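On a predicted model such as this, the values are computed, not experimentally measured, just so you know. Index from 1, following the sequence.
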Amino acid sequence: MTARIATVSLACLATVLLGACARGEADQRDVIRAPQAQVLGEPVSCVSLDRIERTQVHDDYTIDFHMRNNTIYRNTLPARCGSLGFERRFAYQVSTGQLCRQDMIRVITGSGIDGVTCGLGPFVPVELVPQPR
């Protein structure tokens, strides 16, 4: 009788854990809100600060850097940057005239309190794919 209860308990535990894993994957997909983009070339490690016209934060993982020459570089962060997608603002401090993949950004919160610090990924040249209406 005890062996049967243990087997049933393990089966229930496995079901719960698999459900949690599936929910975790679905939750992660739900937080990716960046528009589709077509890759135009090889990633670059850095972008020149004086060429950045504006940035567009899409979610906790994705920032598009719109450059003065109409190029868009998409930076997909290697790890989730909590509250970046909500706040949509970040700061950085660099010692050169470039922002690079090894640099860190800091989320700026609405209350002015320093947010989390996150690492950047490579800068990939992209073209945004028009969304059907």
Hydrophobic cluster identity match, Leu49 and Val44, side-chain contacts under 4.5 Å: yes
Closest heavy-atom pair and its distance - Cys118, Leu77: CB-CD2, 4.1 Å
ILVMFWY network linking Val47 to Val126, side-chain heavy atoms under 4.5 angstrom: no
CG-OG1 distance between Asp103 and Thr117, expressed to the nearest 0.5 angstrom: 12.5 Å
Euclidean distance, Gln56 CD relative to Arg88 CZ, rounded to 0.5 Å: 8.0 Å
Donor-acceptor contact present, side-chain Asp60 to main-chain Arg80, <3.5 Å: no
Rounded distance [0.5 Å steps], CD in Glu53 versus CZ in Arg68: 6.0 Å
Minimum heavy-atom distance Cys46-Gln98, with the two atoms named: CB-OE1, 3.7 Å
Within-4.5 Å side-chain heavy-atom neighbours: Leu128 and Arg74: yes
Residues, nucleotides or ligands: over 12 heavy atoms within 6.0 Å of Asn70 CG: no
Ile63-Val94 co-clustered via ILVMFWY side chain contacts under 4.5 Å: yes
pair Arg89-Val57: side-chain heavy atoms closer than 4.5 Å: no
Nearest heavy atoms of Pro122 and Pro43, plus distance in Å: CB-CB, 3.9 Å
Heavy-atom check, side chain of Arg106 versus side chain of Val116, under 4.5 Å: no
Gln102 atom CD, neighbour heavy-atom count above 12 within 6.0 Å: yes
Shortest non-hydrogen contact from Thr62 toward Ala34: CG2-CB, 3.5 Å
Working for side chain to side chain contact (heavy atoms under 4.5 Å, CB included), residues Ile52 and Tyr73: CA-CA 10 Å; Ile52 298 173; Tyr73 286 102; over 6 Å; no
Interatomic distance, Asp64 atom CG to Phe123 atom CZ [nearest 0.5 angstrom]: 11.5 Å
From Val124, Leu120, Thr55, Ile105, residue fulfilling side-chain contact (heavy atoms from CB on, under 4.5 Å) relative to Asn75: Leu120
Exercise: identify the closest heavy-atom pair between Arg33 and Gly85: NH2-O, 4.0 Å
Nearest atoms (heavy-atom pairs only) where Ser48 meets Met67: O-CE, 3.9 Å
Atom pair CD1 (Ile108) and CZ (Phe90), whose distance is rounded to the nearest 0.5 Å: 8.5 Å
Hphob cluster co-occupancy, Tyr92 + Val107, side-chain heavy atoms under 4.5 angstrom: yes
